[in-house]
Amino acid sequence: MSIDQITVLGAGTMGHGIAVNAVTAGYKVILHDIDQPAIDAGLARAKAFLDQGVERGKTTKEQRDQALQLLSGEADFSAAVGQADLVIEAAPEHLELKRKIFSDLGQSCPKHTLLASNTSSCSVTEMAIASGRPEQVIGAHFFNPVPIMKLLEVIVTDYTSSSTKEALLEFASRLGKTTAVIKDSPGFATSRLGIAIALEAIRMVEQNVAEPTDIDTCMELGYRFPMGPLRLTDLVGLDVRLGIADTIYEATQSPVFKAPELLRSMVASGQLGRKSGQGFYSYD
Ligand SMILES: NC(=O)c1ccc[n+]([C@@H]2O[C@H](COP(=O)([O-])OP(=O)(O)OC[C@H]3O[C@@H](n4cnc5c(N)ncnc54)[C@H](O)[C@@H]3O)[C@@H](O)[C@H]2O)c1
């Protein structure tokens, strides 16, 4: 099937980035969120990103203006999804919320609409079942910042049809992404491996094996990680990583994903990483 009109649900960090990436590739995009101020904020972030591209000489003014013409906001859910060929959900990481959204999508979208979730760790299968059209549901796990990060982790469930998968892969290719297709399972590939290493690094800090900076240096220079696991945890947010760890642990009961007490107590005391000014490192 051919994809022309896209609706992105959730105009936050990921949603506005997905919108920028898609309009730059020539798709029409409607950005939807729970209220107009959230939509306006997402549209403003998208415009700022495109403006920055012009300032840095990465895009021309004409390309930016063309992209912006393809982007609009819509606060009414039914109007936002009523013409969509593809909906990409980028709402907060709560399975119940996502289930509700997919149930609403199943009822409000045209019959042909493909439904994708940008979840980092929730069960895509659960969302597929909630939608009532599970063969048209797929995971599209983008990375932040979306227009720059090359990877799109594509999550297929036992229900996902091959035409849904092919359509998403074609969409990804037009966005300039490299795809990896992963079977729906707790943490997929990226979160499962990323969290396992991060939790082990935190356990090492907890056990006084080494200072955070030494642990990160080991992985950066010894294994050529672009960023050590603790520095990355600070960047992503300790609360976000704890949420993902808990979700994978709940699903697998594997001790690998049991969050260390240190992580839990840092989150409880507001040490969330860069965004709070303090995590495994201090930030101004
Ligand atoms: N931030 C990251 O680095 C990252 C990376 C990959 C995947 N993800 C995933 O992407 C999703 C979104 O994350 P984010 O960081 O953009 O979150 P965010 O908090 O920045 O944005 C979420 C947006 O969704 C909106 N929202 C809430 N309920 C909604 C609803 N019912 N319908 C539509 N919009 C609604 C919120 O108002 C908010 O603007 C999550 O599932 C997250 O796990 C995040």
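Every number for a ligand or one of its atoms is a count from 1 in the order of the listing. No experiment lies behind these values; they were computed from the predicted model shown. The first residue of the sequence shown is numbered 1, and numbering continues consecutively from there.
- No salt bridge links Lys98 with Glu126; every basic N to acidic carboxylate O contact stays at or beyond 4.0 Å.
- Between His16 and Phe49, the ring center distance fails the sub-6.0 Å criterion.
- Taking all atoms of both residues into account, the shortest heavy-atom contact from Ile3 to Ile6 is CG2-CG1, 3.9 Å.
- Within 6.0 Å of CD in Gln253 there are more than 12 heavy atoms belonging to other residues, nucleotides or ligands.
- Closest of all the heavy-atom pairs between Thr113 and Leu86 is CG2-N, 4.1 Å.
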Just the distances, no angles: every ligand 1 N or O to protein N or O pair closer than 3.5 Å, one line each.
{"unit_1": "ligand 1", "atom_1": "8 (N)", "unit_2": "Ser120", "atom_2": "OG", "d": "3.3"}
{"unit_1": "ligand 1", "atom_1": "10 (O)", "unit_2": "Asn118", "atom_2": "ND2", "d": "2.9"}
{"unit_1": "ligand 1", "atom_1": "16 (O)", "unit_2": "Thr13", "atom_2": "N", "d": "3.3"}
{"unit_1": "ligand 1", "atom_1": "16 (O)", "unit_2": "Met14", "atom_2": "N", "d": "2.8"}
{"unit_1": "ligand 1", "atom_1": "20 (O)", "unit_2": "Thr13", "atom_2": "N", "d": "3.0"}
{"unit_1": "ligand 1", "atom_1": "20 (O)", "unit_2": "Thr13", "atom_2": "OG1", "d": "3.1"}
{"unit_1": "ligand 1", "atom_1": "37 (O)", "unit_2": "Asp33", "atom_2": "OD1", "d": "2.6"}
{"unit_1": "ligand 1", "atom_1": "39 (O)", "unit_2": "Asp33", "atom_2": "OD2", "d": "2.7"}
{"unit_1": "ligand 1", "atom_1": "41 (O)", "unit_2": "Ala91", "atom_2": "O", "d": "3.3"}
{"unit_1": "ligand 1", "atom_1": "41 (O)", "unit_2": "Glu93", "atom_2": "OE1", "d": "2.5"}
{"unit_1": "ligand 1", "atom_1": "41 (O)", "unit_2": "Lys98", "atom_2": "NZ", "d": "2.8"}
{"unit_1": "ligand 1", "atom_1": "43 (O)", "unit_2": "Glu93", "atom_2": "OE1", "d": "2.9"}
{"unit_1": "ligand 1", "atom_1": "43 (O)", "unit_2": "Ser120", "atom_2": "OG", "d": "2.9"}

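- Note on Arg203 versus Glu200: salt bridge recorded, some NZ/NE/NH1/NH2 to OD/OE distance being below 4.0 Å.
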